[in-house]
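Okay, so here's the structure we're looking at.
Computed over heavy atoms, backbone and side chain alike; hydrogens, waters and symmetry mates excluded.
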Amino acid sequence: MKILHYINFALIIAFLIAICVAEEVIVSSSLRQTQQDCLFIEAAIERLDNVKNTEIALMVDNLEYDWKNNESNMCYLVNHKSVQEIGQEIAKLKLYIASDDVDNFRVSIEVIKFYCHSYLHFMGANFHNVL
């Protein structure tokens, strides 16, 4: 009878570990994808020297679409308030495109990359999200 308790305990621990690993993979891949999108946008800005054009607008739209999908997946795993800053910065990007404000656009891209880099360091597996 006692052996069943140990087996159940081991299964629960294994299940929690699997959930934590899945969380780490989903969060890390989402944030890395956002970083990659920002790098592509930066390269396009260097090539074009302005932000008020169709290519940049489409790249920002793709960034926003990918982020909304990733954010909805991450909301099950992390606190939504922890990742909302990235969505706010993406919204600012659209305003900067409309006004062709290259300097603030670049700053917002850097802020998004900073948030992604910072979140990659502290958003790992934790038991609060599992429970």
CD1 (Ile97) and OG1 (Thr54) are apart, to the nearest 0.5 Å, by 10.0 Å
Query - Crowding at NZ, Lys68 (>12 non-hydrogen neighbours, <6.0 Å) - result: no
Checking Leu48, Ile41, Ile45 against Glu55 for side-chain contact (heavy atoms from CB on, under 4.5 Å), the one that qualifies is Leu48
Discussion item. Please determine whether residues Ile109 and Tyr65 belong to a single hydrophobic cluster, defined as Ile, Leu, Val, Met, Phe, Trp and Tyr linked transitively by side-chain heavy-atom distances below 4.5 Å.
Written reply: no
**Asked** Does one hydrophobic cluster hold both Val107 and Val60, with members joined at side-chain heavy-atom distances below 4.5 Å?
**Response** yes
The reported gap from CH2 in Trp67 to CD1 in Ile90 (rounded to nearest 0.5 angstrom) is 7.0 Å
Output for pair (Leu4 CG, Lys2 NZ), nearest 0.5 Å, gives 13.0 Å
Any heavy-atom pair between the side chains of Lys52 and Tyr96 that's under 4.5 Å? no
Original post:
Does a side-chain N-to-carboxylate-O contact under 4.0 Å join Glu42 and Arg47?
Top reply: no
Per side-chain contact (heavy atoms from CB on, under 4.5 Å), Gln33 is matched among Leu63, Asn70, Asn69 by Asn70
Taken to the nearest 0.5 Å, the spacing of Ile13 CD1 from Asn8 CG works out to 12.0 Å
Go through Ile112 and Cys116 one step at a time and tell me if the side chain to side chain contact (heavy atoms under 4.5 Å, CB included) criterion holds. CA-CA 6 Å; Ile112 292 170; Cys116 289; 4.3 Å; yes
ask   = Hey, are Glu89 and Lys92 close enough for a salt bridge, meaning a charged N less than 4.0 Å from a carboxylate O?
value = yes
Between Tyr6 and Phe15, is there a shared hydrophobic cluster once you connect ILVMFWY residues whose side-chain heavy atoms come closer than 4.5 Å?
-> no
Worksheet item: Same cluster for Leu39 and Val51 if Ile/Leu/Val/Met/Phe/Trp/Tyr side chains link at under 4.5 Å?
Response: no
Interatomic distance, CG@Leu95 vs CG@Asp101, rounded to 0.5 Å, equals 10.0 Å
Value for CG (Asn50) from CZ (Phe105), rounded to nearest 0.5 Å, stands at 10.5 Å
| said: Quiz question: by atom type and distance under 3.5 Å, do the side chains of Tyr115 and Glu110 form a donor-acceptor pair? | reply: no
Check: Is any side-chain heavy atom of His117 closer than 4.5 Å to a side-chain heavy atom of Leu31?
Finding: no
Do Ile19 and Leu11 share a hydrophobic cluster, counting only Ile, Leu, Val, Met, Phe, Trp and Tyr and linking them when any side-chain heavy atoms are less than 4.5 Å apart?
no
Heavy-atom side-chain contact between Lys113 and Thr34 under 4.5 Å: no
Any donor-acceptor pair under 3.5 Å linking the side chain of Ser29 with the backbone of Ile26? yes
Residue set satisfying side-chain contact (heavy atoms from CB on, under 4.5 Å) with Asn62, at least two apart, ordered chain then number -> none
